[in-house]
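Structure, as structure tokens:
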Amino acid sequence: MSESSRYQPQAIERQWQERWNDARLHHTPDPGEASYMALSMFPYPSGNLHMGHVRNYVITDVIARVARMRGHQVLHPMGWDAFGLPAENAAIERGVDPGDWTDQNIASMRSQLQRLGLSIDWDREITTCHTDYYRWTQWLFLQFLEAGLAYQKEATVNWDPIDQTVLANEQVDSEGRSWRSGAVVEKRQLRQWFLKITAYADQLLDDLDGLTGWPERVRTMQANWIGRSRGAEISFALVDAAGHDSGEQISVFTTRPDTLHGVSYVVLAPEHQLVERLTTPDQALAVAAFRDLVSGQSEQERTAEDKPKRGIPIGAQVRNPANGQLVPVWIADYVLAEYGTGAVMGVPAHDQRDFLFARQYELPVQQVVIPAGSDEHAFEGGAWCADGILIHSGRFDGLSSASARDAIVVAAEQEGWGRGRTTYRLRDWLISRQRYWGCPIPVIHCESCGVVPVPADQLPVELPRNVPLEGRGGSPLAQLESWVTVPCPCCGKPARRETDTMDTFMCSSWYYLRYSDAHNDTLPFSRAAVDRWLPVDQYVGGIEHAILHLLYARFFTKVLRDRGLLGFSEPFSRLLTQGMVQGITYRNPHTGRHIAPADVADPSDPRDPESGERLDTFYEKMSKSKHNGVDPAVVIDRYGADTARMFILFKAPPEKDLEWDDADVEGQYRFLQRLWRLVDGALQRGLSLAAQSGGVASDRLTPTSAADRDLRRAVHSAIVAVSDDLQGEFQFNTAVAELMKLSNAMGEHLASASDALALEALRSLLLLLAPFAPHMAEELWSRLDAAGSIHRQHWPQADPAALVRDTIPLVIQVKGKVRGNLEVPADADRATLEQLALNSDIAAKWLEGRPPSRVIVVPGKLVNLVP
RNA sequence: GCGCCCGUAGCCCAAUCGGUAGCAGGCAGGUCACUUAAAAUGACCCCAGUGCGGGUUCGAAUCCCGCCGGGCGCACCA
């Protein structure tokens with residue numbers, strides 16, 4: 001008989017974390033038949049753990065723990081996405097070394113993380129800014145270079161004026177703002193490094209169909225981003241004023257070759273290379289003025305949809321290859337130089353943009369497609385953009401749009417004026433950055449030999465220390481003459497190192513592979529290790545990477561597969577995108593100021609502490625500027641990690657946003673205290689799990705009383721429910737609710753149950769609790785004298801016999817309305833159920849003696865009598 | 001503009017295949033018990049008919065159509 005005790009999470013959590021650590025409990029086993037990799041998106045080491053991190057890692061931890069208990073060999077690692085601008089900015093602002101700053105942040109975040117009781121194998125920790133990691137990032141870059149998938153080119157690129165570097169297209173949002181700094185990006189012409197992601201556009205798109213374990217919306221977002229459209233490229237021959245072919249051509253891209261006979265004009269992007277050459281002298285001044293006007297506009301202004309379309313003829317004319325008709329050439333602001341061929345054919349009858357343009361400039365509208373089974377379309381509302389039947393199209397008249405598209409492409413190819421072509425919205429990935437704190441691009445520029453890769457045995461190209469940083473223009477490395485000048489690896493003559501560093505998304509595009517073989521110093525990872533652990537069985541992270549990181553990682557995987565470095569095509573089998581953690585936010589609607597919750601005297605009537613004005617109250621993503629953040633450390637200090645974990649899992653389904661609520665945290669804490677007292681009561685009674693190695697002999701589990709039976713049913717239905725909630729879709733919130741339900745049932749029946757059944761219930765409850773509240777489960781397990789760590793036990797199995805009921809309540813409906821219940825034998829067949837229902841008082845009362853015209857029997861559920 | 005997701009008690013959330021909307025769960029609120037009192041604890045109670053309007057069905061939160069509200073993605077991509 002032990003003394004009664006109180007739940008004191010601070011003491012037990014610390015103690016168990018140390019013991020687990022000493023016992024190497026979370027050490028990764030050798031991979032086997034049932035290998036399972038659970039992975040959270042690794043964090044940037046800002047130095048502060050926030051609630052979003054906590055949610056991410058707790059979710060993954062529960063998944064890892066359940067997988068272990070189900071007998072899998074589990075790899076559950078963690079690392080740091082450690083290159084990036086915050087470290088460099090800290091260096092500029094405070095003069096600290098970016099490497100030291102980052103290492104300190106990592107140390108502090110690691111210890112914050114460890115307080116959560118995560119079952120992470122820290123032996124495989126990786127840090128992208130350490131040479132033992134980025135050496136391999138460079139090595140992989142050279143693989144891309146060798147495969148012809150990395151190249152330099154002069155291009156119009158996005159320049160972030162705040163962060164003073166270029167950005168990839170994926171890193172600029174639809175408003176033209178940088179994903180990091182929020183600044184509106186500028187366009188600059190620069191020579192930059194690119195990875196040829198477009199070479200994999202088809203695979204990246206087509207393989208999305210196989211990613212059935214991914215949220216639909218992430219797949220849709222990637223498909224939209226890749227933006228494949230199939231169509232044709234068609235050449236229009238230039239014709240001079242005298243009517244003779246000049247020998248030059250304009251090539252347009254269209255998805256609607258079936259509308260070719262309806263072309264009224266051809267439009268070039270104002271930046272198109274041919275514009276200067278084709279403009280006739282009489283139009284030269286006007287065209288130059290128009291081009292100036294357009295180039296002075298931001299992309300935002302230019303692509304705003306409600307803006308009127310503007311254009312100007314350049315004086316040239318071209319011949320429509322399908323019907324020989326001569327049409328004028330224009331330039332217009334709505335045509336983009338970078339997409340397709342930078343030129344389009346104007347078909348006002350069948351394209352809304354062309355229609356508006358033609359209206360404005362009084363260009364002819366020639367209808368060539370009509371709705372099937374109808375007369376000609378009226379053009380009051382706009383263009384007819386759907387498919388139909390061709391008219392005014394010579395030999396193609398009468399064909400459907402779909403077959404005309406094929407037929408016209410065939411004709412074009414045979415007659416040499418066009419071909420089928422597919423274009424993409426996706427652009428090659430711009431990976432060079434003009435910043436210091438990144439992975440150096442391992443190439444050397446030699447005047448005689450050109451771009452020379454740094455030989456693999458000379459990797460890593462180490463980032464020099466003590467570089468002066470002021471964050472103003474140009475690559476900081478370029479100023480370090482002693483570092484830049486090196487002998488060419490080919491010819492030995494003096495040459496210059498590349499001074500740009502890589503986009504940090506390069507580092508995060510392959511880190512998940514490194515975990516499989518984290519200490520390999522001859523390769524980034526061995527093929528055997530990576531193929532045994534990967535693809536990641538369950539990946540967990542925020543939706544903000546739906547395109548960025550997740551697209552790049554998929555691209556890397558496919559390239560490395562084609563290089564023979566790994567044997568799979570997709571890196572992440574299943575993806576869970578967790579929702580945001582939101583804090584309660586108070587804002588003064590007039591001043592727009594955010595007020596900290598601590599300064600709000602009465603939350604039921606929130607007032608501005610200064611002016612007394614009523615405040616708006618809502619939930620928003622936690623952030624410093626809104627004063628709505630909750631520090632995980634404070635919560636853990638007060639309630640313990642188990643409460644924090646339970647709350648976060650319980651409060652909302654994992655993929656939905658979670659509203660932080662202190663009262664609910666309190667409630668979760670109370671639940672854990674209830675569990676503690678429940679087990680404490682069992683200890684008072686003298687119960688012990690010491691004698692049980694594999695469980696209780698089954699004959700002793702045969703319930704002999706109603707309380708026993710109810711208890712056992714509650715236990716086993718909880719096992720079924722929690723197991724289901726953790727299978728397939730993860731529903732942690734309902735799983736925790738099931739634990740509460742079970743503890744309620746145990747509170748009711750445990751005292752009157754036999755020792756054997758009470759122990760079975762306690763044992764099951766703790767096993768089910770273990771992934772969620774690992775410290776408490778372990779502590780209570782040990783207090784009950786059970787052998788070994790609870791985290792080395794098998795997940796409990798439900799006994800179907802315990803779920804069987806003798807009788808069940810049968811719902812009696814009359815005309816679909818519930819009119820009463822009938823207690824019936826659980827195994828009764830349809831006919832019996834029908835008879836029981838018909839003979840019941842309920843039937844007598846509601847049918848008033850008339851026999852029903854129809855009887856619907858749903859065994860185990862209900863009987864519906866339809867009069 | 002196009003596409004996708006969501007809307008259930010005061011609040012957060014449940015509800016296999018369409019089958020008793022809450023003996024799923026929690027928070028908040030109320031009453032009572034215990035206590036000198038309070039906290040803690042326990043027991044009980046209160047609260048929606050599923051955003052709105054139609055339809056299909058014996059039966060709809062669930063399926064279909066149209067609205068309203070909120071969120072997200074794409075957006076002059078030819």
Side-chain angles (χ1 to χ4, degrees), chain A residues 6 173-174 215-225 227-229 231 252-256 259 267 269 302-309 332-336 338-347 350-354 356-357 423-426 543 546-547 604 619 646-647 650-653 655-668 670-671 673-674 677 710 714 717-718 721 724 731 733-745 747-748 809-821 852-858 860-867:
Chain A
R6 277 188 50 226
D173 70 14
S174 59
E216 188 61 44
R217 62 179 185 137
V218 175
R219 293 195 278 166
T220 313
M221 281 163 72
Q222 292 212 355
N224 286 342
W225 184 261
R228 177 165 66 195
S229 61
V252 304
F253 175 73
T254 178
T255 55
R256 293 294 305 275
T259 63
V267 202
R302 198 165 147 190
T303 57
E305 200 173 354
D306 45 4
K307 192 182 69 69
K309 303 176 194 330
D333 56 359
Y334 75 95
V335 178
L336 308 175
E338 314 90 65
Y339 188 77
T341 61
V344 301
M345 58 189 212
V347 187
H350 305 294
D351 181 285
Q352 188 61 21
R353 290 159 308 193
D354 297 344
L356 294 173
F357 192 75
T423 62
Y424 304 86
R425 213 181 82 94
L426 182 71
I543 187 80
I547 292 172
S604 63
Y619 282 90
M646 294 284 285
F647 164 76
F650 174 67
K651 175 75 179 176
E655 63 285 345
K656 282 187 69 172
D657 289 346
L658 180 155
E659 296 176 358
W660 189 272
D661 179 350
D662 290 330
D664 283 330
V665 179
E666 198 81 51
Q668 220 34 246
R670 284 203 294 266
F671 169 62
Q673 286 173 317
R674 248 183 343 260
R677 283 194 301 273
D710 289 346
S717 52
D724 283 355
Q731 295 172 295
N733 55 328
T734 52
V736 173
E738 287 296 334
L739 292 175
M740 292 173 170
K741 195 173 152 188
L742 174 59
S743 105
N744 290 345
E748 195 174 336
L810 181 76
V811 171
I812 308 298
Q813 292 185 341
V814 177
K815 205 165 175 276
K817 290 204 165 41
V818 178
R819 296 304 185 189
N821 276 317
S853 62
R854 205 176 152 187
V855 180
I856 289 115
V857 181
V858 183
K861 291 248 164 76
L862 58 79
V863 174
N864 185 8
L865 307 170
V866 187

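Naming: A, B, ... by sequence-line order, numbering from 1 per chain.
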Whole-Å [atom1] distance, [N] and [M]:
N	M	atom1	value
A39(B)	U20(B)	P	41 Å
G71(B)	A15(B)	C1'	24 Å
C32(B)	A38(B)	P	12 Å
C52(B)	C45(B)	C1'	32 Å
C13(B)	G26(B)	C1'	8 Å
C11(B)	C47(B)	C1'	12 Å
A28(B)	A9(B)	C1'	12 Å
C27(B)	C46(B)	C1'	15 Å

Over how many whole Å does the gap from [X] atom [atom1] to [N] atom [atom2] extend?
X	N	atom1	atom2	answer
R670(A)	C27(B)	CZ	C1'	8 Å
W225(A)	G73(B)	CH2	P	12 Å
Y619(A)	C11(B)	OH	C1'	8 Å
N744(A)	C44(B)	CG	P	10 Å
E666(A)	A28(B)	CD	P	8 Å
R228(A)	C77(B)	CZ	P	19 Å
R219(A)	C5(B)	CZ	P	12 Å
F671(A)	A40(B)	CZ	P	19 Å

Classify the nucleic acid contact of [X] as base, sugar-phosphate or nothing, counting any heavy atom under 4.0 Å across all strands shown.
X	result
V858(A)	base
Y424(A)	nothing
G667(A)	sugar-phosphate
R217(A)	sugar-phosphate
V811(A)	base
Q813(A)	base
D354(A)	nothing

Both distances under 3.5 Å, Watson-Crick or G-U wobble: report the partner of [N], or none.
N	answer
G53(B)	C65(B)
G19(B)	C58(B)
C27(B)	G10(B)
G73(B)	C2(B)
U35(B)	none
C46(B)	none

With syn defined as a glycosidic torsion within 90 degrees of 0 and anti otherwise, which applies to C17(B)? syn
With the 90 degree cut-off around zero defining syn, does G18(B) come out syn or anti? anti
For a quick test of reading the model: is some side-chain N or O of [X] closer than 4.0 Å to OP1 or OP2 of [N]?
X	N	value
T255(A)	C77(B)	no
N864(A)	U57(B)	no
N733(A)	A14(B)	yes
K656(A)	C13(B)	yes
R677(A)	G42(B)	yes

Nearest to the side chain of Y339(A), heavy atoms from C-beta on, is which of A21(B), G25(B), A78(B)? A78(B)
Roughly how far, to the nearest 0.5 Å, is CD1 of I812(A) from CZ of R819(A)? 12.5 Å
Return the CE to CE distance between M740(A) and M646(A), rounded to the nearest 0.5 Å. 6.0 Å
Write down the atom of V335(A), the atom of A269(A), and the distance for their closest heavy-atom approach. O-CB, 3.4 Å
F650(A) and N733(A): which non-hydrogen atoms are nearest, and at how many Å? O-CB, 3.3 Å
Do K309(A) and Y334(A) meet the cation-pi criteria used here (NZ or CZ under 6.0 Å from the six-membered ring centre, within 45° of the axis)? yes
Without swapping roles, check the side chain of Q222(A) against the backbone of A546(A) for a donor-acceptor pair under 3.5 Å. yes
Given the structure, check if the side chain of E738(A) and the base of G25(B) hold any donor-acceptor pair shorter than 3.5 Å. no
For T734(A), all residues meeting side chain to side chain donor-acceptor pair (under 3.5 Å), sequence neighbours excluded: D725(A)
